[in-house]
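Naming convention: chains lettered A, B, ... in sequence-line order (proteins, then strands); numbering from 1 in each chain. Atom set for the values below is all heavy atoms of this structure, side chains included, hydrogens, waters and symmetry mates excluded.
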Amino acid sequence: MKKNKVLSATYFQQEDVVGMAKDLIGKVLVTEFEGKKTSGIIVETEAYTGINDKAAHSYDGKRTARTEVMYQPGGVSYVYLCYGIHHLFNIVTNKKDIPQAILIRALEPLEGIPVMMQRRKKVKADYSLTRGPGSVAGALGLNRNHSGLILGKAPIYVEDRGIIIPSAAICSGARIGVAYAGKDALLPYRFWAIGNPYVSK
DNA sequence: GAGTAGATCCTCT
DNA sequence: GAGGATCTACTCA
C-alpha cells in the first residue's frame, strides 16, 4: 500500500518549471471547500516561465496587484479570472521574485464527482467536467478569492499517490490560447497524458 | 464533424 | 475603454 505524499511548498520552489510541469502529470490535485472534498489526477499542464515568456502575465517583470502572487515563493495558488467567465488555476513555482507558474489545464476526476457536477451545473458526468482550465477551476470550486493560498494543506494541496505516468506516455507541444505571444506561443511548454479523454483536443 | 460567434467582468492603459 | 492563459452552443455541411 503506497502512502499518499503531500507535495510541500519546497517541491514547487525548484527552478525547473518546465520539468515540474511534466512531473505534475499523474499527481493528484485536491481541494476542500465547504466541507466538500474534490480531487482529480492532473493530466494536462502548461508552464509559464515568467519574465522571458510573452504569454505570461509577468512577462518582462511586469508587476501589478494581480500578478503579485506570482512573485511569491513557489507553492502558492494563483487564480485568475479570464474572459469574465472562467477561472484559471495556477501553481506558482520557483523562488521568491521569480514569477513563474504552472497552469492546470485538465484533470481526471477522482473524488467528489457529484459535487463537481453540481458546481458545473451538469446533470450527467461526461469528459467535459474537468476538461479545460476554466472547467477545472469551476469543478474544484476555485475562484479568485482563493488566489495566494499556500499549497500543502487544506483547502488546496497536491498529493503524490504513487501514480506513475511513463515519460513515453507524456506528450509535449505548443500551448493553447496564447497565439498573441508570437514565437513564444510555439514553445513546447504544454504537457499532457497521451490518450486521456479529459485532455482537450 | 468542423467552424464561428457570443458570453461577460476584471484588470491595466 | 479595450482586451484577455476560454468554453459552449449553434450553424452549416
Dot-bracket, 5' to 3', for DNA chain B please: Watson-Crick or G-U pairs under 3.5 Å, [ ] where pairs cross earlier ones, | where the partner sits on another strand, dots elsewhere. |||||||.||||.

[X] [atom1] - [N] [atom2] separation (whole Å):
| X | N | atom1 | atom2 | answer |
| --- | --- | --- | --- | --- |
| A/Arg131 | C/dC7 | CZ | P | 9 Å |
| A/Leu187 | C/dA5 | CG | C1' | 14 Å |
| A/Leu103 | C/dG4 | CG | C1' | 14 Å |
| A/His86 | B/dT11 | NE2 | C1' | 17 Å |
| A/Tyr80 | C/dC7 | OH | P | 13 Å |
| A/Ile85 | C/dA9 | CD1 | P | 12 Å |
| A/Ile104 | C/dA5 | CD1 | C1' | 13 Å |
| A/Asn143 | B/dC10 | CG | P | 12 Å |

For the rings on A/His146 and A/Phe89, is their centre-to-centre separation under 6.0 Å? no

Below 6.0 angstrom between ring centroids: does that apply to A/Tyr80 and A/His57?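 Yes: the rings meet the under 6.0 Å criterion.
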
Answer yes or no: is there a donor N or O on one side and an acceptor on the other, between the side chain of A/Asp160 and the main chain of A/Lys27, under 3.5 Å?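 Not confirmed, A/Asp160 side chain does not pair with A/Lys27 backbone.
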
Is A/Ser77 reaching over with its side chain to a backbone N or O of A/Leu149, donor-acceptor style, under 3.5 angstrom? yes

Residue [X], side-chain atoms from C-beta onward, closest of [options]:
| X | options | value |
| --- | --- | --- |
| A/Ser135 | C/dC7, C/dT6, B/dT11 | C/dC7 |
| A/Leu81 | B/dC9, C/dA5, B/dT11 | B/dC9 |
| A/Cys82 | C/dC7, B/dC9, C/dT6 | C/dT6 |
| A/Arg120 | B/dC12, C/dT8, C/dT6 | C/dT8 |

Run through the side-chain heavy atoms of Ile, Leu, Val, Met, Phe, Trp and Tyr, join any pair under 4.5 Å, and report what else lands in A/Tyr83's cluster.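 Its cluster mates, by chain and number: none.
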
Side chains of [X] and [Y]: donor-acceptor distance under 3.5 Å anywhere?
| X | Y | answer |
| --- | --- | --- |
| A/Gln13 | A/Asn94 | no |
| A/Tyr157 | A/Glu32 | yes |
| A/Thr31 | A/Lys36 | no |

NZ/NE/NH1/NH2 to OD/OE distance under 4.0 Å, A/Asp126 and A/Lys124: yes

Under 4.0 Å between any heavy atoms, over every strand shown, what does A/Arg190 touch: base, sugar-phosphate, or nothing? Just pick one. nothing

Report which part of the nucleic acid A/Tyr78 touches: base, sugar-phosphate, or nothing (heavy-atom distance under 4.0 Å, all strands).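 If one applies the 4.0 Å heavy-atom cut-off, A/Tyr78 turns out to touch a base.
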
Establish, with yes or no, whether the OP1 or OP2 oxygen of B/dT11 is under 4.0 angstrom from a side-chain nitrogen or oxygen of A/Arg144.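 For A/Arg144, the contact criterion (side-chain N or O under 4.0 Å from OP1 or OP2 of B/dT11) is met.
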
Quick one: is C/dA5 close enough that its OP1 or OP2 comes under 4.0 Å of any side-chain N or O from A/His57? yes

Looking at every heavy atom in both A/Ile165 and A/Ile25, which two are closest together, and how far apart are they? CG1-O, 3.9 Å

The answer to which of A/Tyr83 and A/Arg63 contacts DNA chain B further toward the 5' end, by nearest nucleotide, is A/Tyr83

Contact list please: residues 14-27 of chain A against DNA chain C, heavy atoms, distance less than 4.0 Å, in numerical order.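 The answer is none.
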
